[in-house]
Q: 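Submitted below is the structure of interest, expressed as structure tokens.
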Amino acid sequence: ERVLARAVVLAPRSAEVHANLGLALFNLRRFDEARSHQETAIRLNPRFAVALSNLGNTLMHLEQLEQAVEAHDRAIALKPDYSDAYCSRGMAQLLLGRHEDAIESFNRALSFNPRHLLATFGKGMVALKLLRFEQAEAAFNAALAIDPRAATALTQRGRLYLQTGNIAKAEADFEAAVTIDRKSVV
């Protein structure tokens with residue numbers, strides 16, 4: 001972070017430097033500061049799709065979900081094959097309760113990157129919200145086929161199994177998730 005802050009001093013008109021500092025601050029969960037640098041990057045380069053998508057992710061964490069969707073829409077308009085922007089838009093739509101829109105966004109992300117873990121997981125989350133248990137299980141299984149150590153997918157599949165009365169499978173998934181990440185089962 002300090003190196004990037006110094007880079008901003010040396011190159012205050014560099015959209016890339018501001019975008020990189022914004023991403024570093026996002027990863028440190030300093031979302032207001034991240035937003036400021038991401039917005040500066042976009043002012044310096046209005047066609048910077050990655051900065052727009054990163055801003056969308058930051059806005060999502062700031063619980064400004066409609067603005068997050070708008071930022072991802074702008075990124076997608078600039079880069080129509082940007083699978084991460086479709087996926088992140090889908091996550092914001094999921095949080096807004098716009099389930100069919102979210103499914104469409106996740107499917108679009110998967111059309112560009114069939115092994116997109118988060119989009120696959122997102123489809124499972126939407127299906128779980130809509131009580132489409134078979135679809136949810138298939139999506140979580142597909143996510144785990146992409147990354148068998150995806151503790152969050154194991155946890156959500158475990159919750160699915162609890163909801164459907166399969167206690168043994170739920171316990172197995174929760175145990176596996178905790179083995180991978182102790183914080184995953186909350």
Side-chain angles (χ1 to χ4, degrees), residues 1 4 19-31 33-35 38 50 53-63 65 68-69 72 75 82-99 101-186:
E1 168 201 358
L4 289 170
N20 288 336
L21 181 54
L23 183 58
L25 291 164
F26 174 90
N27 289 331
L28 292 170
R29 306 190 63 76
R30 291 166 45 189
F31 300 121
E33 293 171 82
R35 178 183 184 169
Q38 291 158 343
V50 172
S53 187
N54 288 345
L55 174 62
N57 292 335
T58 299
L59 291 167
M60 194 167 23
H61 282 276
L62 291 170
E63 298 180 12
L65 301 175
V69 170
H72 290 299
Y82 192 4
S83 64
D84 288 346
Y86 284 104
C87 179
S88 294
R89 180 178 72 181
M91 286 297 176
Q93 291 165 326
L94 171 61
L95 293 170
L96 285 165
R98 293 174 19 200
H99 299 120
D101 290 339
I103 290 170
E104 186 178 316
S105 290
F106 294 135
N107 283 336
R108 194 76 171 130
L110 290 165
S111 75
F112 295 110
N113 178 0
R115 295 185 50 81
H116 199 295
L117 177 63
L118 191 55
T120 305
F121 172 78
K123 285 182 68 170
M125 292 302 296
V126 172
L128 189 57
K129 287 266 187 204
L130 297 175
L131 305 179
R132 297 176 185 166
F133 298 126
E134 288 179 13
Q135 289 177 10
E137 183 179 21
F140 294 138
N141 288 342
L144 290 163
I146 294 167
D147 181 2
R149 297 188 51 79
T152 307
L154 283 165
T155 299
Q156 292 304 320
R157 190 177 68 180
R159 289 185 177 148
L160 161 73
Y161 289 146
L162 274 181
Q163 283 185 283
T164 57
N166 196 331
I167 306 304
K169 282 187 171 183
E171 288 175 346
D173 275 356
F174 292 147
E175 279 185 38
V178 168
T179 300
I180 295 165
D181 178 3
R182 291 204 175 279
K183 296 182 247 175
S184 65
V185 181
V186 179

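All values below were derived from every heavy atom in this structure, side-chain atoms included, with hydrogens, water molecules and symmetry-related copies excluded.
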Q: Measure the spacing between CD of Gln38 and CG of Asn20 and express it to the nearest 0.5 Å.
A: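 That separation rounds to 10.5 Å.
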Q: Determine the minimum heavy-atom distance between Ala150 and Leu144, stating which atoms define it.
A: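 The pair with the smallest heavy-atom distance is O-CD2, 3.6 Å.
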Q: Looking at side-chain heavy atoms only, is the closest gap between Glu63 and Leu95 below 4.5 Å?
A: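 No, too far: nothing below the 4.5 Å cut-off.
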Q: State, to 0.1 Å, how close Ala170 and Gly158 come at their nearest heavy-atom pair, and which atoms those are.
A: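 Residues Ala170 and Gly158, closest heavy atoms: CB-O, 3.3 Å.
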Q: According to side chain to side chain contact (heavy atoms under 4.5 Å, CB included), who are the partners of Arg108, at least two apart in sequence or on a separate chain?
A: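 Partners of Arg108 under the side chain to side chain contact (heavy atoms under 4.5 Å, CB included) test: Tyr86, Ser111, Phe112.
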Q: Kindly indicate, with the supporting measurements, whether the criterion side chain to side chain contact (heavy atoms under 4.5 Å, CB included) is fulfilled by Val126 and Gln135.
A: CA-CA 9 Å; Val126 172; Gln135 289 177 10; over 6 Å; no
Q: Go through it in stages, so that I can follow the logic: the residues are His61 and Arg29, the test is side chain to side chain contact (heavy atoms under 4.5 Å, CB included), and I'd like the CA-CA distance, side-chain angles, deciding distance and then a yes or no.
A: CA-CA 9 Å; His61 282 276; Arg29 306 190 63 76; 4.3 Å; yes
Q: Not counting sequence neighbours, which residues clear side chain to side chain donor-acceptor pair (under 3.5 Å) with His116? List them please.
A: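 Partners of His116 under the side chain to side chain donor-acceptor pair (under 3.5 Å) test: Asp84.
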Q: Applying side chain to side chain contact (heavy atoms under 4.5 Å, CB included), run through Leu28 and Glu33 and close with a yes or a no.
A: CA-CA 10 Å; Leu28 292 170; Glu33 293 171 82; over 6 Å; no
Q: What residue pairs, at least two apart or across chains, pass ring pair (Phe, Tyr, Trp, His ring centres under 6.0 Å) with a residue in residues 132-165?
A: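 Matches after skipping sequence neighbours: Phe121-Phe140.
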Q: Could you work out, with side chain to side chain contact (heavy atoms under 4.5 Å, CB included) as the rule, every residue matching Leu96, not counting sequence neighbours?
A: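 Partners of Leu96 by the side chain to side chain contact (heavy atoms under 4.5 Å, CB included) criterion, ordered by chain and then number, come out as Leu65, Glu66, Val69, Arg98.
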Q: Determine the minimum heavy-atom distance between Ala151 and Asp181, stating which atoms define it.
A: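 Closest approach of Ala151 to Asp181, heavy atoms only: CB-CB, 4.0 Å.
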Q: With sequence neighbours excluded, tell me which residues meet side chain to side chain contact (heavy atoms under 4.5 Å, CB included) with Thr120.
A: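 So Thr120 forms a side chain to side chain contact (heavy atoms under 4.5 Å, CB included) with Leu110, Ala142, Ala143, Ile146.
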Q: Locate the shortest heavy-atom distance separating Gly56 from Ala68; write the atom from each residue and the value.
A: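 Taking Gly56 first and Ala68 second, the nearest heavy atoms are O-CB, 3.2 Å.
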Q: If the condition is side chain to side chain donor-acceptor pair (under 3.5 Å), which residues does Asp147 pass it with, not counting sequence neighbours?
A: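 Checked Asp147 against side chain to side chain donor-acceptor pair (under 3.5 Å); zero matches.
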Q: Any chance you could measure Leu128, atom CG, to Lys123, atom NZ, to the nearest 0.5 Å?
A: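 So the CG of Leu128 and the NZ of Lys123 are separated by 14.5 Å.
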Q: Test of understanding: with side chain to side chain donor-acceptor pair (under 3.5 Å), list the residues that count as partners of Gln93, not counting sequence neighbours.
A: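 Side chain to side chain donor-acceptor pair (under 3.5 Å) list for Gln93, sorted by chain: Ser105.
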Q: What pair of heavy atoms forms the shortest contact from Ala75 to Ser53, and how long is it?
A: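 Residues Ala75 and Ser53, closest heavy atoms: CB-N, 3.9 Å.
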Q: How about Arg149 and Leu154: do any of their side-chain heavy atoms sit closer than 4.5 Å?
A: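 No, their side chains stay 4.5 Å or more apart.
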Q: Going by the rule side chain to side chain donor-acceptor pair (under 3.5 Å), which residues pair with Asn141 if we only count those two or more places apart in sequence or in a different chain?
A: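 If we apply the side chain to side chain donor-acceptor pair (under 3.5 Å) test to Asn141, skipping adjacent residues, the hits are Arg157.
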Q: Using the test side chain to side chain contact (heavy atoms under 4.5 Å, CB included), find all partners of Leu62 that sit at least two apart in sequence or belong to another chain.
A: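 Testing Leu62 for side chain to side chain contact (heavy atoms under 4.5 Å, CB included), a comparison that skips the adjacent residues, returns Phe31, Asp32, Arg35, Thr58, Gln64.
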Q: Return each pair, listed once, that meets salt bridge (Lys or Arg N to Asp or Glu O under 4.0 Å) where at least one residue sits in residues 128-144; pairs must be two or more places apart or across chains.
A: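 Output for this query lists Glu100-Arg132.
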Q: Pro148 and Ile180: which non-hydrogen atoms are nearest, and at how many Å?
A: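 Where Pro148 meets Ile180 most closely, the heavy atoms are O-CD1, 4.0 Å.
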Q: Would you compute the distance between atom CG of Asn57 and atom SG of Cys87 and round it to the nearest 0.5 angstrom?
A: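 If we round to the nearest 0.5 Å, Asn57:CG and Cys87:SG are 9.0 Å apart.
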Q: Determine whether Gln163 and Leu131 make a side-chain contact, defined as any pair of heavy atoms from C-beta on separated by less than 4.5 Å.
A: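 Touching, per the 4.5 Å side-chain cut-off.
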Q: Go through the steps for Leu160 and Lys169 under the test side chain to side chain contact (heavy atoms under 4.5 Å, CB included), then give the verdict.
A: CA-CA 10 Å; Leu160 161 73; Lys169 282 187 171 183; over 6 Å; no
